[in-house]
There are 2 protein chains.
Amino acid sequence: MRSPVVPEAVSRPTLEAVATRAGVSRATVSRVVNGGYGVRESLAERVRRAVAELGYVPNQAARSLVTKRHDAVAVVIAEPEARVFTDPFFALQLRGISKELTAHDNQLVLLLTEGRDDHTRVARYLAGGHVDGALVFSLHLDDPLPGLIHDAGVPTVFGGRPGWRDRTGTPLYVDTDNRGGARTAVRHLAGLGRTRIAHITGALDQTSAVDRLDGYRDVMAETADGGGDPSLVVESDFTPAGGERAMRELLDRRPDVDAVFAANDLTALGALRVLRERGLRVPEDVAVVGFDDMLPLAEQSDPPLTTVRQDIEQMGRLMARLLLRGASALRDGSTGSGREGTSGPGGGDPAARTPGPGVILPTTLIRRESA
Amino acid sequence: MRSPVVPEAVSRPTLEAVATRAGVSRATVSRVVNGGYGVRESLAERVRRAVAELGYVPNQAARSLVTKRHDAVAVVIAEPEARVFTDPFFALQLRGISKELTAHDNQLVLLLTEGRDDHTRVARYLAGGHVDGALVFSLHLDDPLPGLIHDAGVPTVFGGRPGWRDRTGTPLYVDTDNRGGARTAVRHLAGLGRTRIAHITGALDQTSAVDRLDGYRDVMAETADGGGDPSLVVESDFTPAGGERAMRELLDRRPDVDAVFAANDLTALGALRVLRERGLRVPEDVAVVGFDDMLPLAEQSDPPLTTVRQDIEQMGRLMARLLLRGASALRDGSTGSGREGTSGPGGGDPAARTPGPGVILPTTLIRRESA
DNA sequence: ATGAAAGCGCTAACAC
DNA sequence: GTGTTAGCGCTTTCAT
């Protein structure tokens, strides 16, 4: 049986061919193709027609060879666990990144890693100068990859606040306002008159989980109660099963709990299930708030989940924007603009805060029926 | 618009530099770097040391310029709807693809599209010869993109059976045995003694939904009943909400239904919810079978879902393998090996069937409690 | 405003 | 075996 894909090594037209056809030099064609400044309009028009007729597309390899640019960005997702693939988080970020890169004519090179071997592979690839920059998701505090990449000298923006301590120079990153969002959630619960508000944490080797826990503590500390009762905090791992386990433990330990702030929606779902199973009503007996606003799950849970929404796609967009922007800033010779720290780099996102090298996106409380 | 680009990294060492350092010619270094055949071992060793000392990494652009190869594959995901981002389907495929490509030292260029503009963009990119091949997911029958890509003359493998009719030459593709899986599901239900087995379809503009419906009909036709009662088939769309709607309609129309084969797990979940709401017991009153084995959802539904498992990651792997295989066959100048049609292209997947240009992966029925 | 010419870093003939 | 050399297709001074 013949191979269904026909090779057709049709040699594609070159600049030279276009030049000949238009009766000009290669240099002129090149100018037109790259913006066309400084070329008489009549000529430019001739060239454009030749390009169209020949179906000319620039050879990116040849171009890169001389410009040392690639118009390509690597997206590195380091996640040994399969969690990445279990929630739409990562897909939404990719979507945002993709849109932004596309808008700037950049390609997205996806690097998925799991395990040590991949680390060196990725580090080498990035150090190899095949892309103009990297967007890196560092999910775990102990992951060595982000550090390796940072050291590789490639312009990089991180997704989520990286958790290093011992390194000099915090890298650029974009993150959700996890701490602020957590505060909002807990304040909402307090505003409902709840006094024994528990927290089921996420995996504490991730900054997002730590930050949400901190936000919870912030509010509990303010509380009249004198807050921060450790028996109200149960460590978990962002999964539904973990949420169930934690909720059971919590109920056993503190049967008087009247509200739960879960580190994410998946966890909240697990908690909801246990609450129902124990015959407790939500929100009457126990109010529940999640985090993420993961659709359609959050909407269709029973009862529909009150939760803290984060705009994940926007996070991706901003990461890409920041990388592209930073790159040009560097090229302009600026030593690191003083403006970047004060105005949002989004250029259209007044709501985003930028403390130091990080861009923090705001959250919104979505009220449904669970609290 | 070109992005305002990147800083010049420290100029990295070239072949020339390595050659000088090792006291040999560029050609020799090139030979060593590309496998080292036909080079005296003592020399090769000198070269390797020089490479290591200088931290030399080949310039891919320069290499591509002459070899016309890129060691890169595009993955095109065309999905106007957000469904892609709501289930882990794509993430898993990507994982499989990524693993396979990595094993063959290929890069993954991700092309996400939504809408017309992106079509031309993607088609141009692929036609531009920037990658060695493309892996394309064509979800909807009426999507023009797969056709455009097919016409672009780039070696391509499709994910899921493409639904074209009017074109000559079916393209290579990898798919799950949707029809066979559906038959298994329905036979299982029949084996349970159910006689009024309904089917909630997926979005019928996707081949997977059509194939599952066909599988359902296959079995119903065999059935003593004289099967194929149209009132037992409700059209839906693969979503939980759609599943709810369909289940309500079904119950209204056929209160006597005693089993449901849902086109996927999400749909089954919606159906389960309605069944519970109407006070019907699962599986006692109505047995339910899903499709996908989407974890952890399928495991943690109430009751845990009996479903048809498909190995999505493996699908991705095979797509990549098939493409790379074809690509190397092309490079080898072979006119297309006669073996490809009869032995699985997986080279290690005896279970995969290959009818014509398609590779069909087997499914497994996972028995839990809903049927 | 336009063209001529010099490479970018690499591979692949071809010569030795 | 190893070196020499001629480009791959493009951008970019530098003349004109």
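In what follows, every chain begins at residue 1, and chains take the letters A, B, ... in the order their sequences are listed. Keep in mind it's a predicted model, so treat the numbers as computed, not measured. Heavy-atom basis, side chains included; hydrogens, waters and symmetry copies ignored.
When rounded to the nearest whole Å, the span between CG of N59(A) and C1' of dG9(D) equals 6 Å. Protein atom CD of E16(B) is 10 Å distant from nucleotide atom P of dC8(C), rounded to whole Å. In this structure, the CZ atom of R63(A) is 13 Å from the C1' atom of dT12(D), given to the nearest Å. Following rounding to the nearest Å, D71(A) (CG) and dT11(D) (P) show an atom-to-atom distance of 11 Å. The CD-P distance, from E45(A) to dT2(C), rounds to 14 Å in whole Å. Atom pair H130(A):NE2 and dG9(C):P shows a separation of 14 Å (rounding to whole Å applied). Rounded to whole Å, atom C1' of dA4(C) lies 15 Å from atom CG of L15(A). Rounded to a whole Å, the NE2 atom of H70(A) is 15 Å from the C1' atom of dT11(D).
In this structure, K68(A) reaches the dG9(C) phosphate: one of its side-chain N or O atoms is under 4.0 Å from OP1 or OP2. OP1 or OP2 of dT11(D) sits under 4.0 Å from a side-chain N or O of N34(A). OP1 or OP2 of dT11(C) lies within a sub-4.0 Å distance of a side-chain N or O belonging to S30(B).
The aromatic rings of H150(B) and F158(B) are tilted relative to each other, their planes meeting at an angle between 30° and 60°.
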Practice problem: Could you give me the CA-CA distance, side-chain angles and deciding distance for L111(B) and Y125(B), then say whether side-chain contact (heavy atoms from CB on, under 4.5 Å) is met? | Solution: CA-CA 10 Å; L111(B) 267 25; Y125(B) 180 76; 3.7 Å; yes
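Residue Y37(B) is classed as having no contact, given no heavy-atom separation below 4.0 Å to the nucleic acid.
For the side chain to side chain contact (heavy atoms under 4.5 Å, CB included) criterion with L15(A), the lone passing option out of V29(A), T28(A), V51(A) is V29(A).
Note that the NE2 atom of H130(A) and the CD atom of Q107(B) stand 7.5 Å from one another [nearest 0.5 Å].
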Quiz prompt | Base versus backbone protein contacts along nucleotides 1-6 of chain D [heavy-atom cut-off under 4.0 Å; B, S, -] | solution = SBBBBB
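Among the nucleotides dT11(D), dC10(C), dG9(D), the one closest to any side-chain atom of T67(A) is dT11(D).
Between V359(A) and M319(A), the closest side-chain pair of non-hydrogen atoms is not below 4.5 Å.
In plain terms, the two heavy atoms of D118(A) and L112(A) that are nearest each other are OD2-O, 4.0 Å.
Between R48(B) and E41(B) a salt bridge is recorded (basic side-chain N to carboxylate O distance below 4.0 Å).
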